[in-house]
Chemist: 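Structure in structure tokens, see below.
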Protein chains: 2
Amino acid sequence: MNTYSIGEVAKMLDISISTLRYYDKEGLLNSVERTAGGIRIFKDKDINQLNMVECLKNTGMQLKDIRTFFEWCEEGDSTIPQRYQMFLNRRKDIEKQIEVLQNSLDLVNYKCEYYALAAKEGTVNTPKLQFLKNRAVKSSDYVKHVVGEN
Amino acid sequence: MNTYSIGEVAKMLDISISTLRYYDKEGLLNSVERTAGGIRIFKDKDINQLNMVECLKNTGMQLKDIRTFFEWCEEGDSTIPQRYQMFLNRRKDIEKQIEVLQNSLDLVNYKCEYYALAAKEGTVNTPKLQFLKNRAVKSSDYVKHVVGEN
DNA sequence: AGGAACCCTAAACTTGACTTTAGATTAAGG
DNA sequence: CCTTAATCTAAAGTCAAGTTTAGGGTTCCT
């Protein structure tokens, strides 16, 4: 089993040392060991847990909820239902986020087209842009809803 | 042209009144008019701008950058290149975010399967779960990278 | 044994995006 | 005119997720 200092972990995972210590304080690194002198010794298991933290954080989960999940894991099989429910919720949440982003991407794609043309024409006041706008508005509910003058 | 009070706008867009005032203070509502007595009068143009704010916020943009964009819009055609570049950047950013979320979703989907089975078995210590894990790890680089014990 | 490089904690500070509070003003209806 | 609901501002407070600072300890190498 490999071991790593906090500095090594910071480099490996591209997380700052102070963030790692902060995570520890917040209970996200329950299992890191220490030397007799109090210095943290990270093992592969901890690296793994940190990867999980990053992943859950990416989905918009708060640290305190991630911590709760790890606590459930430590509590053992009795918390399987909670953990299952958490991942079901997470799934719904992520799907919703992707949908929202996809809508924004539709609008942004339209804006890219719009400004590419505006850049070529040197102005925003040209009939070609009206044409573009009409086309976009017909193709997407979200674009129709948000598209403005600029 | 319709006009709306701040309270009406708040209800229509499901944004709190204090948030609207905060946006105004932060320069995101440059064009709202006021009565002689100083009360805000929102027009459709402002509603539109607020929709744009929501959209850009959804993509993770900061208010001050959204404000900069609106300032560019007011400056006129000379800022078309900046605006174009902004939307190109936004597009890249959103695509990256969707990718990250998709990876997390892959892992979460695996976890849902995992815990569905664990819930049925009443425990996490069963050979069936090992089988599931091996299968998942073979199918996705990201799942392989993050999947841990729980 | 001594020094460089690394690590430690506690506590205060930062940032972004709001929300809350307090006290005053305005607008609309009877 | 008077009340009442809605609005206003300025300033302080909140919350999450860190970062920074200050002042010490620990390890490793020679």
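Naming convention: chains lettered A, B, ... in sequence-line order (proteins, then strands); numbering from 1 in each chain.
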Chemist: Is the phosphate of D/dT26 approached by A/T35 (side-chain N or O, under 4.0 Å from OP1 or OP2)?
Modeler: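 Answer no for this pair, as no side-chain N or O of A/T35 is under 4.0 Å from OP1 or OP2.
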Chemist: Would you jot down, in residue-number order, the residues of residues 46-69 of chain A having a non-hydrogen atom under 4.0 Å from DNA chain C?
Modeler: none
Chemist: Among the candidates C/dT19, D/dG18, C/dT26, find the nucleotide nearest to the side-chain atoms of A/Y22.
Modeler: D/dG18
Chemist: Residues in side chain to side chain donor-acceptor pair (under 3.5 Å) with A/K64, at least two apart?
Modeler: none
Chemist: Quick one: B/L13 CG to C/dC18 P, roughly how many Å, whole number?
Modeler: 14 Å
Chemist: Treating Ile, Leu, Val, Met, Phe, Trp and Tyr as nodes and any side-chain heavy-atom pair under 4.5 angstrom as an edge, say whether A/L29 and A/I41 lie in one connected cluster.
Modeler: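 In one cluster with A/L29: A/I41, no.
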Chemist: Heavy atoms only, 4.0 Å cut-off, all strands: where does A/S18 land among base, sugar-phosphate and nothing?
Modeler: base
Chemist: Any side-chain N or O of B/Y23 less than 4.0 Å from the OP1 or OP2 oxygen of C/dC18?
Modeler: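 Yes, such a contact exists.
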Chemist: What pairs with A/D24 under side chain to side chain donor-acceptor pair (under 3.5 Å), at least two apart in sequence or on another chain?
Modeler: A/R34, A/R40
Chemist: Show me the pairs that pass ring pair (Phe, Tyr, Trp, His ring centres under 6.0 Å) and involve residues 75-102 of chain B, at least two apart or across chains.
Modeler: A/Y115-B/F87, B/F69-B/F87
Chemist: Using the 3.5 Å cut-off, write out each protein N or O paired with an N or O of nucleotides 1-5 of chain C and the distance between them.
Modeler:
none

Chemist: Would you say B/S16 reaches C/dT19's phosphate, i.e. side-chain N/O to OP1/OP2 under 4.0 Å?
Modeler: yes
Chemist: Which atoms of nucleotides 6-9 of chain D (N or O only) lie under 3.5 Å from a protein N or O atom, and what are those distances?
Modeler:
residue : atom : partner : partner atom : Å
D/dT7   : OP1  : B/S5    : OG           : 2.9
D/dT7   : OP1  : B/G7    : N            : 3.1
D/dC8   : OP1  : B/R40   : N            : 2.8
D/dC8   : OP1  : B/R40   : NE           : 2.9
D/dC8   : OP2  : B/R21   : NH1          : 2.5
D/dC8   : O3'  : B/R34   : NH1          : 3.3
D/dT9   : OP1  : B/R34   : NH1          : 2.9
D/dT9   : OP1  : B/R34   : NH2          : 3.0
D/dT9   : OP2  : B/R40   : NH2          : 2.6

Chemist: For A/L29 and D/dG18, what is the distance between atoms CG and P respectively, to the nearest whole Å?
Modeler: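 One finds 12 Å between P of D/dG18 and CG of A/L29, rounded.
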Chemist: Residues in side chain to side chain donor-acceptor pair (under 3.5 Å) with B/S16, at least two apart?
Modeler: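 For B/S16 the side chain to side chain donor-acceptor pair (under 3.5 Å) partners, ignoring immediate neighbours, are B/S18, B/T19.
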Chemist: Step by step, would you call B/L13 with B/I47 a side chain to side chain contact (heavy atoms under 4.5 Å, CB included)?
Modeler: CA-CA 8 Å; B/L13 304 189; B/I47 306 297; 4.1 Å; yes
Chemist: Scan residues 16-59 of chain B for pairs that pass ring pair (Phe, Tyr, Trp, His ring centres under 6.0 Å), counting only residues two or more places apart or in two chains.
Modeler: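 Qualifying pairs, neighbours excluded: none.
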Chemist: Going by the rule salt bridge (charged side-chain N to carboxylate O under 4.0 Å, His left out), which residues pair with A/K120 if we only count those two or more places apart in sequence or in a different chain?
Modeler: none
Chemist: To the nearest Å, how far apart are A/I15 CD1 and D/dT19 C1'?
Modeler: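 Nearest whole value for this atom pair: 15 Å.
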Chemist: What residues, two or more places apart in sequence or in another chain, satisfy ring pair (Phe, Tyr, Trp, His ring centres under 6.0 Å) together with B/Y110?
Modeler: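 B/Y114.
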Chemist: N/O contacts under 3.5 Å, protein versus nucleotides 10-12 of chain C?
Modeler:
none

Chemist: Salt bridge check, A/K133 against A/E149: does any charged N sit closer than 4.0 Å to a carboxylate O?
Modeler: yes
Chemist: State, with a plain yes or no, whether a side-chain heavy atom of B/L50 is found less than 4.5 Å away from one of B/L20.
Modeler: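 They are in contact (side-chain heavy atoms under 4.5 Å apart), so the answer is yes.
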Chemist: For residues 90-99 of chain B, which residue pairs pass the side chain to side chain donor-acceptor pair (under 3.5 Å) check, not counting sequence neighbours?
Modeler: A/N109-B/R91, B/T59-B/R90, B/R90-B/D93, B/D93-B/Q97
Chemist: Could you walk me through whether A/N58 and B/L101 pass the side chain to side chain contact (heavy atoms under 4.5 Å, CB included) check?
Modeler: CA-CA 7 Å; A/N58 284 339; B/L101 279 176; 5.7 Å; no
